Each structure stands twice: as structure tokens, then as C-alpha cells.
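Protein chains get the first letters and strands the later ones, always in sequence-line order, with residue 1 at the start of each. The model shown is predicted, which means the values in this text are computed figures rather than measured ones.
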2 protein chains.
Amino acid sequence: MYMPGKVNCESCLIKSCAAEVLNKQELQVLSANCAGVSYKKNEKLFQQGFLCSNIVYVKTGIVKIHKTGPLKDQILKIVKSPRFIGIPTVLGGKVNHYSATALTPATVCFIVTDIFKTLILRNGKFANEVINSICQDELNFYDLSINQMQKQIHGRLADALLFLSDEIFESDSFELPLSRSDLGDYIQATRESVTRALSRLKADGLIDMQGRQINLVDKKMLEKISKLG
Amino acid sequence: MYMPGKVNCESCLIKSCAAEVLNKQELQVLSANCAGVSYKKNEKLFQQGFLCSNIVYVKTGIVKIHKTGPLKDQILKIVKSPRFIGIPTVLGGKVNHYSATALTPATVCFIVTDIFKTLILRNGKFANEVINSICQDELNFYDLSINQMQKQIHGRLADALLFLSDEIFESDSFELPLSRSDLGDYIQATRESVTRALSRLKADGLIDMQGRQINLVDKKMLEKISKLG
DNA sequence: AAATACTTGTGATAAAATTCACAACTAATT
DNA sequence: AATTAGTTGTGAATTTTATCACAAGTATTT
């Protein structure tokens, strides 16, 4: 973790939709209450159960949001910059309800929660943007969890691979940012089952795989598997 | 479905936290753009895939929020009045992303979405209350879905029974508002598995059951089952 | 009251995925 | 370069839950 310190939100090129609606003065207030931090792979941005007084804006990098369940850790979602994380966790109470960990090197801004709240109270457009983004998030998570709960392992794995390809890396070929075990925490399966399911996809010629390097060869078929469950 | 028509939000005794922060004039605008409707058991308040231009405020009754998954319908949550439903579904697009159905007779208010948005833009406190409630919802759903995904059927069933008892009916004894099959859609199990799991709980003396009439006899033990998964 | 539709219980069988155990591999540290 | 820690692959046995098939019960409609 490296803390370069103060940032300038006015000139920031990676501005959120919400920040776009702020005026010059509001952006200055934001800058004054915003700290930039860099993280290495696998470093935690914040942790479930710990006191927290900041909203986190991920400027660069890929981050996993995860939470300890009754039996094991679970990856709730994998998100790509730029975006806010931890709005619900902060507004829902003073203690984090989940953790966030960098899957790649990441740079983030910590925004003092009170300032964030003030912006919501003072600027309706800002509040509206925040609401839109939380709502979108909620809808996405409904979809994700219905898929996770109803599909069986091959469908869930196909979903995950297609998601990583389409939403995160925007390429058919990428390096898995997760171990087999982490991938299991994401798609609700054991490490062994993930290994077997991946091997099966490789054997059937739907993917190419060498360690964590993945190449989606037959996306049409993967989508079919995803749909069939 | 019976439509008594116009309502008066100013004098409404079942006011939401969000509506509490509105001033007299805003409440009048709300009243003018708000229609009260009554529903019988099992009637749909709104349906996934249909165009929608209203936020729904449930004044009385119990409602299920459900969504068609890849294999079957799934009950995302069961909610009790008073509360808003459908904020994400409306703000996330013009088409409902899920359905809502009355589990008991229910009375609701339909609020024109544009009016709701205007209130968000104009009244920061209102926006803040809305954000808080959506965030709380999101956190609850994370908990729910982690439990659903990690626990096995007895744990999931115990969760559901305790939830209905503690959150919905506030009594150890209640009439299940769901068929075995619906309960299966809620806890991710088949009708047959639900039947068997319930019979098991009864045989073990943890619950009393006659048809849909349930009495939680040994809550401590049910909580243990819930925790163990 | 009879007929129909829907709901519930139960057994036998089958499928999916986990668990456990061990070997091989890779990366990180000394 | 050697050692250690962490990751991955694989087989066999086991567990959990779904599926199928059928009987019995309860509501609802005619």
C-alpha cells in the first residue's frame, strides 16, 4: 500500500458519473477530503467488521468484494474501475459489512463519508446519480445470485468466464485473476470441482487453458451452457 | 384489485421515513400523484418485463418479490409493510426487473416515478432517506443470498422459519403464507425436499405443524441449525 | 354433491457435487 | 540452490438433493 496523498478531483480524468454533476466549489471540497492510495495485488482495501468512515472510489484496477459466510468466504462480485465501492457498507452502518481486495494493482480514492453525505444532501443531481448506480448494482446482483442459485456448476463456470471476458477484460483471452480456490468462492463450488469443470471445458474444446491463462475458443457454446444452466 | 383512488399523503398515518422529511407542499404534490389500490391474496402488484412508471409503497400486507430465473421462479425476498418496493426496478430502467405479488391482502400506493425523481432532486433529506433504505436492502440481500448459497436445506429452512417468525409475523406461531412449492422457490429447494425437511423438523420436535399452521417450539435449536448450515 | 384443479406426502432411484487423500507442480523465501 | 508454502490435478467413496411416479388430501368450481 502506497499513499501518494492529496488528489485533485477537479482535474481528475477518471471522474465518476456522480462527480460529473458537481460544481467547481463542490469538487474543491471533495478534493480536500479525499486521499489517493495505491494497492498491490491481493492487498485489502478494507475489511469486513472493521470501522470505516470512507467511501471508496476505485480509479484503476480490478477489485473483488467478498464476505465471510457461515461456511466460507464468498466473492459477492468482481468489479472494474472506475466505480464506487462500499457505499452500502458505509451508509448501512459504521462497520464494514464486507471486504474489498485488489485482484490487480489498483489506485483508489478514499472519500470522507460525511462529505459524501453532505454532497447528497446539498446536490440533488449527485444524489440522483448515486441512487441510480446503487439501483443498477442491486439489479445486477439479483441476476447474479439467481444464476448462481439455480444453475449447476458448468453453467455457473461458463457465466463467470463470460463475465470476465465481456465485462472485465473485454477480450476472449485473459489471465484469470483468481486461483481455483478463489474461483470456487465466486461460483459457489469447491476447488476440486472448479478444476474438474475447467478441465472438462478444455477437453470439450470450448476453452484453451494453461495454468491461469484462459482463451475462450467457443463462446457460442459457452453461452449455450450458461443458458441451459 | 380494488382502486379506491386518491389518497392524502399529508394525513397518512403510515408514512415512510422518506416521506417524513417532506414539507407540506411536497406532500401535496405527492398526494396529487399518488393512487391507492387494494389487492387480494395472490394478486400481482406488478410484473417482471412489463412497462412501469410507478414506485410502489406498500401500506399494509405482506408481499413477495420474485423473479424468473433460468430454470424456475425465485422468491428474492418477502417484505412486510410499510415499505417501498420497486425503487431499483423503476430507476434501473423502464421495465420491471422483477414481480411483486401479495401474500396477504394488501393496500399500496402507486407513486408516479417522475414525481419521485423530482423529490430526490429537490429535497436532499428525502434523497438521503431513499439511499439509506436502498443500501440497507442491499446489505440484507447480501446476507440472505450468502446464507442461501452456503447452507444446506435444513439450515435454509430454519432461516426461513425464523425470518417469518421474527421479522414478518413477530410471533412463534403463524400460518405459512406460502405453499410448499413457493417455500421451495424461496429457499432454493424442490417441493418434495421442503416437505421432507419440514417433516424432519416436526419429527425432531423443533416445530409443530398442521398443514400451513406452524409453531416454532424450539427456537434455540432452530438457530443452531441455521448457524451450522 | 360431484367434479376438477391444486396441494401435499412418500418411496425408490439417480444425479450432482463434496469430501478425503495423495501426488505433482509453482512461486516465494531463506 | 534448497526449502517451504501455496496451488493444482485426480481418483474413489460419500453425501446431499433432485427427479420420477403415485397416492391421498384439500379447495374451488360447476
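At whole-Å resolution of the value, CD in A:Gln213 and P in D:dT8 are 14 Å apart. Atom pair B:Leu198:CG and C:dT7:P shows a separation of 16 Å (rounding to whole Å applied). D:dT15 atom P lies 18 Å from atom CG of B:Leu228, rounded to whole Å. For A:Gln210 and C:dT26, the CD to C1' distance is 14 Å, given to the nearest whole Å. Put simply, CG on B:Asn42 is 10 Å from P on D:dT28, counting in whole angstrom units. Between B:Arg212 atom CZ and C:dG9 atom P there is a gap of 10 Å when expressed in whole angstrom units. In this structure, A:Asp185 atom CG and D:dT8 atom P are separated by 12 Å, rounded to whole Å. Summarising the geometry, the separation between CZ on A:Arg200 and C1' on D:dG11 is reported as 17 Å, rounded to the nearest angstrom.
Annotation: ring-ring contact (aromatic ring centres under 6.0 Å, His included) contacts involving residues 173-221 of chain B, sequence neighbours excluded, comprise B:Phe169-B:Phe174. Counting only residues at least two apart or on different chains, the salt bridge (Lys or Arg N to Asp or Glu O under 4.0 Å) pairs with a member in residues 169-190 of chain A are A:Lys64-A:Asp182, A:Lys80-A:Glu170, A:Asp172-A:Lys219. Evaluation of the ring-ring contact (aromatic ring centres under 6.0 Å, His included) test over residues 205-229 of chain A, restricted to residues two or more places apart or in two chains, returns none.
Using a 4.5 Å heavy-atom cutoff, the side chains of A:Ile131 and B:Val130 are in contact.
Residues that satisfy the side-chain hydrogen bond (donor to acceptor under 3.5 Å, both in side chains) test with A:Arg212, not counting sequence neighbours, are absent from this structure. Looking at residues two or more places apart in sequence or on another chain, you find a ring pair (Phe, Tyr, Trp, His ring centres under 6.0 Å) between B:Tyr142 and A:Tyr98, A:Phe141. With sequence neighbours left out, B:Thr60 forms a side-chain hydrogen bond (donor to acceptor under 3.5 Å, both in side chains) with B:Thr107. In this structure A:Thr101 satisfies the side-chain hydrogen bond (donor to acceptor under 3.5 Å, both in side chains) test together with A:His66, sequence neighbours excluded. In this structure, the side-chain hydrogen bond (donor to acceptor under 3.5 Å, both in side chains) partners of B:Asp137, at least two apart in sequence or on a different chain, are B:Lys77, B:Arg83.
The stretch residues 171-181 of chain A touches DNA chain D through A:Ser179, A:Arg180, each having a heavy atom within less than 4.0 Å of the strand.
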For residues 221-229 of chain A, please give each side-chain donor-acceptor pair under 3.5 Å, one per line with the distance, not counting sequence neighbours.
unit_1, atom_1, unit_2, atom_2, d
A:Ser226, OG, A:Lys151, NZ, 3.2
A:Ser226, OG, A:Asp159, OD1, 2.5

Evaluate the ring-ring contact (aromatic ring centres under 6.0 Å, His included) criterion for residues A:Phe116 and A:Tyr57: first the C-alpha distance (whole Å), next the side-chain angles of each, then the deciding distance (0.1 Å), finally the verdict. CA-CA 11 Å; A:Phe116 198 83; A:Tyr57 182 64; 9.9 Å; no

Letter per nucleotide, 5' to 3', of nucleotides 15-23 of chain C [B base touched, S only sugar-phosphate touched, - untouched; heavy atoms, 4.0 Å]: -SSBBB---

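Note on the helix from C:dA1-D:dT30 to C:dT30-D:dA1: angle between the axes of the first and last five pairs equals 50°, rounded to 10 degrees.
A sub-4.0 Å separation between OP1 or OP2 of D:dT10 and a side-chain N or O of A:Ser199 is present.
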